[in-house]
Amino acid sequence: MRLSRYYLPVLKETPSEAQIVSHQLMLRAGMIRQESAGIYAWLPLGFRVLKKIEQIVREEQDRAGAVEMLMPTIQSAELWRESGRYEAYGKEMLRIKDRADRDMLFGPTNEEMITEIFRAGVRSYKDLPKMLYHIQWKFRDEVRPRFGVMRGREFLMKDTYSFDADSAGARASYNKMFVAYLRTFARMGLTSIPMRADTGPIGGDLSHEFIVLADTGESAVFCDRKLLDLEVPGAGTDFDGDLQPLIDRYTSFYAATEEKHDNAEFEARVAKGDRIAARGIEVGHIFYFGEKYSAPMRAMITGADGKDRPVEMGSYGVGVSRLAGALIEAYHDEAGCKWPVAVAPFHVGLVNLKQGDPGTDAACAKANRALEEAGVEVLYDDTASRPGEKFARMDLIGLPFQLIIGPRGLEAGKVEVKRRADGRKDEVSLDAALDMLKRDVRSALKV
RNA sequence: CGGAGCGUAGCGCAGUCUGGUAGCGCAUCUGCUUUGGGAGCAGAGGGCCGCAGGUUCGAAUCCUGCCGCUCCGACCA
(Lines give C-alpha, C1' and ligand atoms only; values in the text may rest on other atoms or scores of the structure.)
Protein backbone atom coordinates (compact mmCIF):
# COMPACT_ATOMS: atom_id res chain seq x y z
CA MET A 1 0.00 0.00 0.00
CA ARG A 2 1.30 3.40 -0.97
CA LEU A 3 1.19 5.91 1.81
CA SER A 4 0.40 8.64 -0.69
CA ARG A 5 -2.95 6.94 -1.32
CA TYR A 6 -3.60 5.94 2.24
CA TYR A 7 -5.49 7.86 4.90
CA LEU A 8 -3.15 8.25 7.81
CA PRO A 9 -3.79 11.48 9.69
CA VAL A 10 -0.98 11.40 12.25
CA LEU A 11 -0.71 14.01 14.96
CA LYS A 12 2.51 15.51 16.17
CA GLU A 13 0.97 16.70 19.38
CA THR A 14 -0.96 14.65 21.89
CA PRO A 15 -4.65 15.54 22.11
CA SER A 16 -5.42 16.78 25.57
CA GLU A 17 -8.31 14.41 26.26
CA ALA A 18 -6.20 11.27 26.09
CA GLN A 19 -4.96 10.17 29.49
CA ILE A 20 -3.36 6.82 28.88
CA VAL A 21 -0.67 5.92 26.43
CA SER A 22 -2.73 3.61 24.23
CA HIS A 23 -5.39 6.26 23.74
CA GLN A 24 -2.78 8.91 23.01
CA LEU A 25 -0.97 6.74 20.51
CA MET A 26 -4.11 5.52 18.78
CA LEU A 27 -5.11 9.13 18.19
CA ARG A 28 -1.63 10.25 17.21
CA ALA A 29 -1.06 7.31 14.88
CA GLY A 30 -4.31 8.02 13.07
CA MET A 31 -5.94 4.74 14.12
CA ILE A 32 -9.16 6.06 15.59
CA ARG A 33 -11.21 9.19 15.78
CA GLN A 34 -13.68 9.92 18.51
CA GLU A 35 -17.16 10.61 17.16
CA SER A 36 -18.95 10.86 20.46
CA ALA A 37 -18.17 10.05 24.08
CA GLY A 38 -16.90 6.48 24.08
CA ILE A 39 -17.69 5.99 20.39
CA TYR A 40 -14.93 5.76 17.84
CA ALA A 41 -14.46 5.55 14.11
CA TRP A 42 -11.73 3.10 13.17
CA LEU A 43 -9.54 4.75 10.58
CA PRO A 44 -7.73 2.54 8.06
CA LEU A 45 -4.68 1.80 10.18
CA GLY A 46 -6.68 1.02 13.31
CA PHE A 47 -9.16 -0.98 11.30
CA ARG A 48 -6.40 -3.27 10.06
CA VAL A 49 -5.28 -3.95 13.61
CA LEU A 50 -8.85 -4.63 14.66
CA LYS A 51 -9.27 -7.11 11.82
CA LYS A 52 -6.02 -8.89 12.68
CA ILE A 53 -7.11 -9.30 16.27
CA GLU A 54 -10.54 -10.44 15.21
CA GLN A 55 -9.10 -13.03 12.86
CA ILE A 56 -6.85 -14.56 15.49
CA VAL A 57 -9.78 -14.76 17.88
CA ARG A 58 -11.85 -16.38 15.15
CA GLU A 59 -9.22 -18.95 14.23
CA GLU A 60 -8.81 -20.06 17.82
CA GLN A 61 -12.55 -20.25 18.39
CA ASP A 62 -12.88 -22.42 15.32
CA ARG A 63 -9.99 -24.57 16.46
CA ALA A 64 -11.71 -25.14 19.78
CA GLY A 65 -14.85 -26.28 18.02
CA ALA A 66 -17.02 -23.19 18.31
CA VAL A 67 -19.18 -22.26 15.33
CA GLU A 68 -19.40 -18.71 14.04
CA MET A 69 -22.64 -16.90 13.36
CA LEU A 70 -23.87 -13.32 13.55
CA MET A 71 -26.61 -11.87 15.68
CA PRO A 72 -28.01 -8.35 15.23
CA THR A 73 -26.99 -5.33 17.25
CA ILE A 74 -30.59 -4.25 17.75
CA GLN A 75 -32.75 -6.52 19.87
CA SER A 76 -36.34 -6.61 20.95
CA ALA A 77 -37.10 -5.80 24.56
CA GLU A 78 -39.44 -8.80 24.60
CA LEU A 79 -36.53 -11.22 24.87
CA TRP A 80 -35.09 -9.34 27.78
CA ARG A 81 -38.42 -9.31 29.56
CA GLU A 82 -38.39 -13.09 29.37
CA SER A 83 -35.14 -13.32 31.27
CA GLY A 84 -36.07 -10.49 33.59
CA ARG A 85 -33.06 -8.46 32.62
CA TYR A 86 -34.93 -5.69 30.80
CA GLU A 87 -35.77 -4.12 34.11
CA ALA A 88 -32.65 -5.31 35.89
CA TYR A 89 -30.09 -3.96 33.47
CA GLY A 90 -30.50 -0.30 34.29
CA LYS A 91 -29.38 2.74 32.41
CA GLU A 92 -26.37 1.02 30.91
CA MET A 93 -28.71 -0.42 28.34
CA LEU A 94 -29.43 1.86 25.43
CA ARG A 95 -33.17 1.69 24.92
CA ILE A 96 -34.73 2.63 21.62
CA LYS A 97 -38.24 2.79 20.24
CA ASP A 98 -39.00 1.89 16.65
CA ARG A 99 -41.64 3.62 14.52
CA ALA A 100 -44.38 1.36 15.82
CA ASP A 101 -43.40 2.43 19.31
CA ARG A 102 -42.01 -1.01 20.11
CA ASP A 103 -39.33 -1.21 22.78
CA MET A 104 -35.99 -2.09 21.26
CA LEU A 105 -32.47 -1.94 22.55
CA PHE A 106 -28.91 -1.88 21.31
CA GLY A 107 -27.54 -5.15 22.64
CA PRO A 108 -25.03 -4.98 25.47
CA THR A 109 -24.69 -8.78 25.25
CA ASN A 110 -26.55 -11.67 23.66
CA GLU A 111 -27.45 -14.33 26.21
CA GLU A 112 -31.18 -13.88 25.71
CA MET A 113 -30.98 -13.91 21.95
CA ILE A 114 -28.76 -16.95 21.71
CA THR A 115 -31.00 -18.78 24.15
CA GLU A 116 -33.99 -17.99 21.96
CA ILE A 117 -32.09 -19.20 18.89
CA PHE A 118 -30.97 -22.36 20.61
CA ARG A 119 -34.39 -23.34 21.92
CA ALA A 120 -35.85 -22.97 18.46
CA GLY A 121 -33.57 -25.64 17.05
CA VAL A 122 -32.46 -28.08 19.72
CA ARG A 123 -34.63 -30.55 21.65
CA SER A 124 -32.48 -33.52 22.58
CA TYR A 125 -29.35 -34.19 24.58
CA LYS A 126 -28.20 -36.05 21.49
CA ASP A 127 -27.67 -32.71 19.75
CA LEU A 128 -25.27 -31.52 22.43
CA PRO A 129 -22.77 -30.15 23.06
CA LYS A 130 -22.87 -26.99 20.99
CA MET A 131 -20.75 -23.87 21.06
CA LEU A 132 -21.82 -20.85 19.06
CA TYR A 133 -20.12 -17.49 18.81
CA HIS A 134 -20.23 -14.22 17.03
CA ILE A 135 -18.08 -11.13 16.80
CA GLN A 136 -20.33 -8.14 16.94
CA TRP A 137 -20.56 -4.56 18.14
CA LYS A 138 -22.06 -4.09 21.54
CA PHE A 139 -23.24 -0.99 23.29
CA ARG A 140 -23.17 -0.28 26.98
CA ASP A 141 -24.08 3.22 27.96
CA GLU A 142 -21.32 3.52 30.52
CA VAL A 143 -21.69 6.28 33.01
CA ARG A 144 -18.21 7.32 32.30
CA PRO A 145 -16.47 6.10 29.18
CA ARG A 146 -12.72 6.68 29.18
CA PHE A 147 -9.32 5.44 28.13
CA GLY A 148 -10.24 5.45 24.44
CA VAL A 149 -11.19 2.05 23.09
CA MET A 150 -10.23 0.41 26.37
CA ARG A 151 -13.51 1.45 27.81
CA GLY A 152 -15.76 2.83 25.16
CA ARG A 153 -19.52 2.65 25.06
CA GLU A 154 -19.54 0.95 21.69
CA PHE A 155 -17.10 -1.93 21.49
CA LEU A 156 -16.40 -5.01 19.43
CA MET A 157 -16.70 -8.23 21.35
CA LYS A 158 -16.42 -11.89 20.61
CA ASP A 159 -18.96 -13.79 22.63
CA THR A 160 -19.33 -17.54 22.66
CA TYR A 161 -22.16 -19.47 24.23
CA SER A 162 -21.96 -23.12 25.20
CA PHE A 163 -24.83 -25.55 25.57
CA ASP A 164 -24.49 -28.85 27.40
CA ALA A 165 -26.71 -31.57 28.75
CA ASP A 166 -25.09 -31.70 32.18
CA SER A 167 -22.55 -30.02 34.38
CA ALA A 168 -19.73 -32.35 33.36
CA GLY A 169 -20.32 -31.40 29.75
CA ALA A 170 -20.48 -27.73 30.72
CA ARG A 171 -17.11 -28.05 32.38
CA ALA A 172 -15.63 -29.61 29.25
CA SER A 173 -16.93 -26.69 27.18
CA TYR A 174 -15.54 -24.28 29.73
CA ASN A 175 -12.16 -25.94 29.54
CA LYS A 176 -12.10 -25.65 25.76
CA MET A 177 -12.60 -21.93 25.97
CA PHE A 178 -10.02 -21.67 28.72
CA VAL A 179 -7.42 -23.22 26.45
CA ALA A 180 -8.60 -21.28 23.40
CA TYR A 181 -8.11 -18.04 25.31
CA LEU A 182 -4.61 -18.93 26.40
CA ARG A 183 -3.74 -19.54 22.77
CA THR A 184 -5.56 -16.51 21.44
CA PHE A 185 -3.74 -13.99 23.59
CA ALA A 186 -0.39 -15.73 23.21
CA ARG A 187 -0.67 -15.52 19.45
CA MET A 188 -0.99 -11.77 19.76
CA GLY A 189 2.17 -11.65 21.78
CA LEU A 190 0.37 -11.13 25.05
CA THR A 191 1.00 -12.90 28.31
CA SER A 192 -2.42 -13.65 29.71
CA ILE A 193 -3.10 -14.90 33.17
CA PRO A 194 -6.39 -16.54 34.08
CA MET A 195 -7.60 -15.28 37.42
CA ARG A 196 -10.40 -16.65 39.48
CA ALA A 197 -13.41 -14.38 39.16
CA ASP A 198 -16.61 -13.92 41.08
CA THR A 199 -19.21 -16.49 40.07
CA GLY A 200 -22.13 -14.66 41.62
CA PRO A 201 -25.18 -16.65 42.64
CA ILE A 202 -24.15 -19.73 40.65
CA GLY A 203 -21.10 -20.46 42.74
CA GLY A 204 -18.46 -23.00 41.87
CA ASP A 205 -15.08 -22.39 40.32
CA LEU A 206 -16.09 -21.88 36.72
CA SER A 207 -15.37 -18.25 36.12
CA HIS A 208 -12.06 -16.70 35.14
CA GLU A 209 -10.94 -13.33 33.99
CA PHE A 210 -8.05 -13.30 31.57
CA ILE A 211 -5.65 -10.56 32.47
CA VAL A 212 -2.94 -9.31 30.18
CA LEU A 213 0.14 -7.91 31.85
CA ALA A 214 1.05 -4.35 30.91
CA ASP A 215 2.98 -1.83 32.96
CA THR A 216 0.30 0.78 32.47
CA GLY A 217 -2.61 -1.61 33.02
CA GLU A 218 -5.63 -0.32 34.87
CA SER A 219 -5.70 -2.79 37.72
CA ALA A 220 -3.09 -4.18 40.04
CA VAL A 221 -2.60 -7.93 39.87
CA PHE A 222 -0.70 -10.41 42.00
CA CYS A 223 0.47 -13.78 40.84
CA ASP A 224 3.05 -16.53 40.96
CA ARG A 225 5.97 -16.09 38.58
CA LYS A 226 5.66 -19.75 37.63
CA LEU A 227 2.48 -18.90 35.74
CA LEU A 228 4.54 -16.91 33.26
CA ASP A 229 6.70 -19.91 32.50
CA LEU A 230 3.86 -22.31 31.76
CA GLU A 231 3.85 -23.50 28.22
CA VAL A 232 0.91 -22.26 26.19
CA PRO A 233 -1.05 -25.21 24.77
CA GLY A 234 0.04 -25.92 21.21
CA ALA A 235 -1.91 -25.76 17.98
CA GLY A 236 -2.16 -29.54 18.05
CA THR A 237 -4.05 -29.61 21.34
CA ASP A 238 -6.86 -32.14 21.23
CA PHE A 239 -9.89 -30.14 22.26
CA ASP A 240 -11.99 -33.28 22.48
CA GLY A 241 -9.53 -34.88 24.86
CA ASP A 242 -9.30 -34.35 28.59
CA LEU A 243 -8.19 -30.78 29.14
CA GLN A 244 -8.66 -30.87 32.89
CA PRO A 245 -5.00 -31.59 33.80
CA LEU A 246 -3.96 -28.60 31.72
CA ILE A 247 -6.51 -26.36 33.40
CA ASP A 248 -5.51 -27.65 36.81
CA ARG A 249 -1.90 -26.77 36.16
CA TYR A 250 -2.86 -23.18 35.38
CA THR A 251 -5.28 -22.79 38.23
CA SER A 252 -2.98 -24.31 40.82
CA PHE A 253 -0.94 -21.11 41.08
CA TYR A 254 -1.94 -18.02 42.95
CA ALA A 255 -3.33 -15.25 40.75
CA ALA A 256 -5.67 -12.47 41.78
CA THR A 257 -6.68 -8.98 40.85
CA GLU A 258 -6.51 -6.21 43.39
CA GLU A 259 -10.13 -6.65 44.45
CA LYS A 260 -9.74 -10.32 45.28
CA HIS A 261 -6.16 -10.21 46.46
CA ASP A 262 -5.46 -11.81 49.82
CA ASN A 263 -1.97 -10.91 50.85
CA ALA A 264 -1.72 -13.51 53.58
CA GLU A 265 -2.65 -16.27 51.17
CA PHE A 266 -0.32 -14.80 48.55
CA GLU A 267 2.64 -14.95 50.90
CA ALA A 268 1.73 -18.40 52.16
CA ARG A 269 1.36 -19.96 48.73
CA VAL A 270 4.02 -18.18 46.71
CA ALA A 271 7.75 -18.27 47.41
CA LYS A 272 9.17 -14.82 47.98
CA GLY A 273 11.19 -14.78 44.78
CA ASP A 274 8.19 -15.83 42.73
CA ARG A 275 5.79 -13.14 43.90
CA ILE A 276 4.81 -10.82 41.13
CA ALA A 277 2.95 -7.61 41.77
CA ALA A 278 2.18 -6.13 38.39
CA ARG A 279 -0.48 -4.32 36.44
CA GLY A 280 -2.93 -5.80 34.01
CA ILE A 281 -5.89 -5.34 31.73
CA GLU A 282 -8.90 -7.63 31.56
CA VAL A 283 -9.29 -8.84 27.99
CA GLY A 284 -11.42 -11.92 28.42
CA HIS A 285 -13.94 -13.42 30.78
CA ILE A 286 -15.29 -16.94 30.79
CA PHE A 287 -18.29 -17.84 32.83
CA TYR A 288 -20.50 -20.82 33.50
CA PHE A 289 -24.00 -19.87 34.54
CA GLY A 290 -25.99 -23.07 34.20
CA GLU A 291 -29.73 -22.55 33.90
CA LYS A 292 -29.79 -18.83 34.55
CA TYR A 293 -31.31 -18.07 31.15
CA SER A 294 -32.41 -21.46 29.93
CA ALA A 295 -34.79 -21.98 32.84
CA PRO A 296 -36.76 -18.71 32.64
CA MET A 297 -36.63 -18.73 28.85
CA ARG A 298 -37.62 -22.37 28.60
CA ALA A 299 -34.65 -23.61 26.58
CA MET A 300 -35.32 -27.25 27.40
CA ILE A 301 -33.70 -30.44 26.25
CA THR A 302 -34.88 -33.98 26.69
CA GLY A 303 -32.39 -36.19 28.47
CA ALA A 304 -31.68 -39.89 28.08
CA ASP A 305 -34.17 -40.50 30.87
CA GLY A 306 -36.90 -38.91 28.80
CA LYS A 307 -37.23 -35.94 31.11
CA ASP A 308 -36.99 -32.32 30.05
CA ARG A 309 -34.57 -30.02 31.76
CA PRO A 310 -33.06 -26.59 31.05
CA VAL A 311 -29.87 -26.71 29.06
CA GLU A 312 -26.59 -25.92 30.84
CA MET A 313 -25.03 -22.75 29.51
CA GLY A 314 -21.87 -20.72 29.70
CA SER A 315 -20.66 -17.55 28.02
CA TYR A 316 -17.20 -16.52 27.03
CA GLY A 317 -16.24 -12.99 26.03
CA VAL A 318 -13.19 -11.41 24.47
CA GLY A 319 -12.89 -7.65 24.19
CA VAL A 320 -11.72 -7.41 20.61
CA SER A 321 -11.60 -3.64 20.31
CA ARG A 322 -10.20 -3.33 23.82
CA LEU A 323 -7.34 -5.61 22.81
CA ALA A 324 -6.14 -3.01 20.33
CA GLY A 325 -5.58 -0.69 23.26
CA ALA A 326 -4.20 -3.41 25.48
CA LEU A 327 -1.64 -4.32 22.83
CA ILE A 328 -0.34 -0.77 22.73
CA GLU A 329 -0.21 -0.64 26.51
CA ALA A 330 1.95 -3.75 26.34
CA TYR A 331 4.02 -2.71 23.33
CA HIS A 332 5.14 0.89 22.99
CA ASP A 333 7.96 3.29 23.78
CA GLU A 334 8.45 7.07 23.76
CA ALA A 335 8.42 7.16 19.96
CA GLY A 336 5.20 5.23 19.46
CA CYS A 337 3.64 1.81 18.99
CA LYS A 338 5.66 -1.37 18.66
CA TRP A 339 3.30 -3.91 17.11
CA PRO A 340 3.92 -7.63 17.38
CA VAL A 341 4.00 -9.01 13.84
CA ALA A 342 0.78 -11.01 14.25
CA VAL A 343 -1.37 -7.94 14.86
CA ALA A 344 0.65 -5.24 13.10
CA PRO A 345 -1.38 -3.19 10.61
CA PHE A 346 1.39 -3.85 8.08
CA HIS A 347 4.48 -5.97 8.51
CA VAL A 348 6.99 -3.69 6.85
CA GLY A 349 7.27 0.06 6.50
CA LEU A 350 9.17 0.80 3.32
CA VAL A 351 10.83 4.20 3.54
CA ASN A 352 11.87 5.96 0.36
CA LEU A 353 14.33 8.54 1.61
CA LYS A 354 14.43 10.50 -1.60
CA GLN A 355 11.23 10.22 -3.53
CA GLY A 356 11.91 11.36 -7.10
CA ASP A 357 15.42 9.98 -7.25
CA PRO A 358 15.26 7.40 -10.06
CA GLY A 359 17.57 4.85 -8.44
CA THR A 360 15.84 5.08 -5.07
CA ASP A 361 12.37 4.96 -6.60
CA ALA A 362 13.31 1.88 -8.63
CA ALA A 363 14.79 0.07 -5.64
CA CYS A 364 11.73 0.85 -3.55
CA ALA A 365 9.37 -0.29 -6.28
CA LYS A 366 11.25 -3.55 -6.54
CA ALA A 367 11.21 -4.08 -2.80
CA ASN A 368 7.53 -3.25 -2.57
CA ARG A 369 6.64 -5.70 -5.33
CA ALA A 370 8.86 -8.51 -4.08
CA LEU A 371 7.56 -8.31 -0.54
CA GLU A 372 3.90 -8.09 -1.48
CA GLU A 373 4.27 -11.03 -3.83
CA ALA A 374 5.70 -12.99 -0.92
CA GLY A 375 2.64 -12.17 1.17
CA VAL A 376 4.41 -9.56 3.27
CA GLU A 377 2.20 -6.56 3.97
CA VAL A 378 3.98 -3.35 3.09
CA LEU A 379 3.16 0.27 3.77
CA TYR A 380 5.31 2.13 1.28
CA ASP A 381 6.12 5.71 2.23
CA ASP A 382 6.40 7.14 -1.24
CA THR A 383 5.66 10.68 -0.14
CA ALA A 384 7.94 13.65 -0.62
CA SER A 385 8.27 14.21 3.11
CA ARG A 386 11.70 14.75 4.56
CA PRO A 387 13.57 11.77 6.00
CA GLY A 388 13.23 12.89 9.60
CA GLU A 389 9.50 13.14 9.30
CA LYS A 390 9.30 9.72 7.66
CA PHE A 391 11.33 8.08 10.39
CA ALA A 392 9.29 9.69 13.12
CA ARG A 393 6.04 8.68 11.46
CA MET A 394 7.13 5.07 10.98
CA ASP A 395 8.26 4.85 14.58
CA LEU A 396 4.94 6.31 15.69
CA ILE A 397 2.76 3.85 13.81
CA GLY A 398 5.10 1.12 14.95
CA LEU A 399 5.28 -1.39 12.11
CA PRO A 400 7.60 -4.21 13.23
CA PHE A 401 10.09 -3.77 10.42
CA GLN A 402 11.33 -0.75 8.49
CA LEU A 403 13.11 -1.08 5.20
CA ILE A 404 14.95 2.16 4.61
CA ILE A 405 16.22 2.91 1.15
CA GLY A 406 18.09 6.04 0.11
CA PRO A 407 20.59 7.17 -2.50
CA ARG A 408 23.49 7.29 -0.08
CA GLY A 409 23.08 3.67 0.93
CA LEU A 410 22.34 2.45 -2.56
CA GLU A 411 25.63 3.92 -3.72
CA ALA A 412 27.34 1.52 -1.33
CA GLY A 413 24.98 -1.28 -2.35
CA LYS A 414 23.20 -1.19 1.01
CA VAL A 415 19.76 -0.67 2.43
CA GLU A 416 18.82 -0.61 6.08
CA VAL A 417 16.50 -2.95 7.93
CA LYS A 418 15.33 -1.64 11.28
CA ARG A 419 13.45 -3.66 13.85
CA ARG A 420 11.00 -1.58 15.82
CA ALA A 421 10.92 -4.02 18.74
CA ASP A 422 14.54 -3.60 19.80
CA GLY A 423 15.81 -0.88 17.46
CA ARG A 424 18.34 -3.19 15.89
CA LYS A 425 19.58 -1.99 12.49
CA ASP A 426 21.23 -4.04 9.77
CA GLU A 427 22.81 -2.60 6.67
CA VAL A 428 22.74 -5.21 3.94
CA SER A 429 22.13 -5.53 0.23
CA LEU A 430 18.58 -5.08 -1.01
CA ASP A 431 18.24 -8.76 -1.89
CA ALA A 432 19.54 -9.83 1.49
CA ALA A 433 17.14 -7.42 3.16
CA LEU A 434 14.19 -8.84 1.24
CA ASP A 435 15.14 -12.39 2.18
CA MET A 436 15.58 -11.38 5.79
CA LEU A 437 12.19 -9.69 5.92
CA LYS A 438 10.33 -12.52 4.22
CA ARG A 439 11.92 -15.05 6.54
CA ASP A 440 11.38 -13.04 9.72
CA VAL A 441 7.78 -12.17 8.94
CA ARG A 442 6.96 -15.74 8.03
CA SER A 443 8.50 -17.17 11.17
CA ALA A 444 6.80 -14.58 13.36
CA LEU A 445 3.43 -15.56 11.94
CA LYS A 446 3.85 -19.24 12.63
CA VAL A 447 0.92 -20.42 14.66
C1' C B 1 -25.00 9.46 39.30
C1' G B 2 -22.19 12.90 42.97
C1' G B 3 -17.95 16.51 42.59
C1' A B 4 -14.67 19.69 39.38
C1' G B 5 -13.56 21.83 34.78
C1' C B 6 -13.44 22.95 29.59
C1' G B 7 -15.84 24.34 24.55
C1' U B 8 -11.83 30.20 20.30
C1' A B 9 -8.65 27.55 12.76
C1' G B 10 -7.21 20.36 11.57
C1' C B 11 -4.05 19.90 16.56
C1' G B 12 -2.08 22.44 21.06
C1' C B 13 -3.32 26.96 23.32
C1' A B 14 -3.63 32.69 24.62
C1' G B 15 -7.41 36.39 24.73
C1' U B 16 -12.77 36.34 28.98
C1' C B 17 -11.30 38.93 35.29
C1' U B 18 -11.43 44.91 33.29
C1' G B 19 -16.82 44.65 26.58
C1' G B 20 -14.28 48.26 21.53
C1' U B 21 -12.17 45.38 13.98
C1' A B 22 -10.09 37.45 16.73
C1' G B 23 -4.46 36.04 18.04
C1' C B 24 0.15 32.57 18.75
C1' G B 25 2.78 27.81 17.71
C1' C B 26 2.32 23.46 14.80
C1' A B 27 -0.22 21.71 10.48
C1' U B 28 -2.09 23.30 5.27
C1' C B 29 -1.12 26.11 0.40
C1' U B 30 2.59 29.03 -2.97
C1' G B 31 7.73 30.33 -4.16
C1' C B 32 12.95 29.83 -3.32
C1' U B 33 16.79 27.26 -0.69
C1' U B 34 17.34 22.57 1.58
C1' U B 35 17.15 16.86 1.85
C1' G B 36 19.82 10.03 6.14
C1' G B 37 16.02 11.49 12.46
C1' G B 38 9.64 15.94 12.80
C1' A B 39 14.34 22.02 7.88
C1' G B 40 15.13 27.71 6.69
C1' C B 41 13.35 32.25 4.53
C1' A B 42 9.29 34.95 2.26
C1' G B 43 4.20 35.04 1.43
C1' A B 44 -1.05 33.11 1.63
C1' G B 45 -5.58 30.71 2.97
C1' G B 46 -8.49 28.98 6.84
C1' G B 47 -13.01 31.00 12.46
C1' C B 48 -21.52 31.56 12.98
C1' C B 49 -15.22 32.31 19.39
C1' G B 50 -20.49 25.17 21.08
C1' C B 51 -26.03 26.74 20.44
C1' A B 52 -30.19 29.99 21.74
C1' G B 53 -31.95 34.04 24.19
C1' G B 54 -30.85 38.55 27.07
C1' U B 55 -28.01 43.23 28.71
C1' U B 56 -25.34 47.06 25.78
C1' C B 57 -24.19 52.09 20.94
C1' G B 58 -21.07 47.64 20.73
C1' A B 59 -20.40 40.74 23.37
C1' A B 60 -15.42 35.49 22.37
C1' U B 61 -15.63 38.60 26.88
C1' C B 62 -21.31 40.15 31.21
C1' C B 63 -26.32 37.36 32.46
C1' U B 64 -29.84 33.04 31.69
C1' G B 65 -30.93 28.42 29.53
C1' C B 66 -29.45 24.37 26.64
C1' C B 67 -25.91 21.07 24.15
C1' G B 68 -21.17 18.71 23.86
C1' C B 69 -16.63 17.01 25.90
C1' U B 70 -12.95 15.98 29.77
C1' C B 71 -11.13 14.90 34.70
C1' C B 72 -11.78 12.73 40.08
C1' G B 73 -15.07 9.31 42.62
C1' A B 74 -18.84 5.08 42.69
C1' C B 75 -19.65 1.15 38.29
C1' C B 76 -17.97 -2.16 34.00
C1' A B 77 -15.63 -6.36 28.49
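In the text below, chain A, chain B and the rest are named by the order of the sequence lines, each starting its count at 1. Just so it is clear, the structure is predicted and the values come from calculations on it, not from any experiment.
With sequence neighbours excluded, the residues that form a side-chain hydrogen bond (donor to acceptor under 3.5 Å, both in side chains) with A/His208 are A/Tyr174. The ring pair (Phe, Tyr, Trp, His ring centres under 6.0 Å) search around A/Trp339 returns none, not counting sequence neighbours. Scored by the side-chain hydrogen bond (donor to acceptor under 3.5 Å, both in side chains) test, A/Asn368 finds no partners at all (sequence neighbours excluded). Under the side-chain hydrogen bond (donor to acceptor under 3.5 Å, both in side chains) criterion, A/Glu82 pairs with A/Arg119, not counting sequence neighbours. Listed by chain and residue number, A/Ala220 satisfy the side chain to side chain contact (heavy atoms under 4.5 Å, CB included) test with A/Arg279 (two or more places apart in sequence, or in another chain). The side-chain hydrogen bond (donor to acceptor under 3.5 Å, both in side chains) search around A/Glu87 returns none, not counting sequence neighbours.
Among pairs with a residue in residues 407-417 of chain A, none fulfils salt bridge (charged side-chain N to carboxylate O under 4.0 Å, His left out), at least two apart in sequence or across chains. Under the salt bridge (charged side-chain N to carboxylate O under 4.0 Å, His left out) criterion, the residue pairs touching residues 147-163 of chain A are A/Lys138-A/Asp159, A/Asp141-A/Arg153, A/Glu142-A/Arg151, with sequence neighbours excluded. Residue pairs meeting the salt bridge (charged side-chain N to carboxylate O under 4.0 Å, His left out) criterion with at least one member in residues 425-435 of chain A, sequence neighbours excluded, are A/Lys366-A/Asp431, A/Arg419-A/Asp426, A/Arg424-A/Asp426.
For A/Arg408 and B/G36, the shortest distance from a side-chain N or O to OP1 or OP2 is below 4.0 Å.
Ranked by how close their nearest RNA chain B nucleotide is to the 5' end, A/Thr14 and A/Gly317 are led by A/Thr14.
Looking only at distances, a side-chain donor or acceptor of A/Asp357 sits under 3.5 Å from a matching main-chain atom of A/Thr360.
Of the residues in residues 344-368 of chain A, those placing a heavy atom less than 4.0 Å from an atom of RNA chain B are A/Leu353, in numerical order.
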Which atom pairs link the protein and nucleotides 68-71 of chain B when you take only N or O atoms and keep those under 3.5 Å?
from  : atom 1 : to       : atom 2 : distance (Å)
B/C69 : OP1    : A/Ser36  : OG     : 3.0
B/C69 : OP1    : A/Ala37  : N      : 2.7
B/C69 : O3'    : A/Gln34  : NE2    : 3.1
B/U70 : OP1    : A/Gln34  : OE1    : 3.4
B/U70 : OP1    : A/Gln34  : NE2    : 3.1
B/C71 : O5'    : A/Arg144 : NH2    : 3.4

Atom pairs under 3.5 Å: protein N/O with N/O of nucleotides 38-41 of chain B:
from  : atom 1 : to       : atom 2 : distance (Å)
B/G38 : O2'    : A/Lys12  : NZ     : 2.9
B/G38 : O6     : A/Arg28  : NH2    : 3.4
B/G38 : N2     : A/Glu389 : OE2    : 3.3
B/A39 : OP2    : A/Arg386 : NE     : 3.4
B/A39 : N9     : A/Arg386 : NH1    : 3.4
B/A39 : N7     : A/Arg386 : NE     : 3.3
B/A39 : N7     : A/Arg386 : NH1    : 2.9

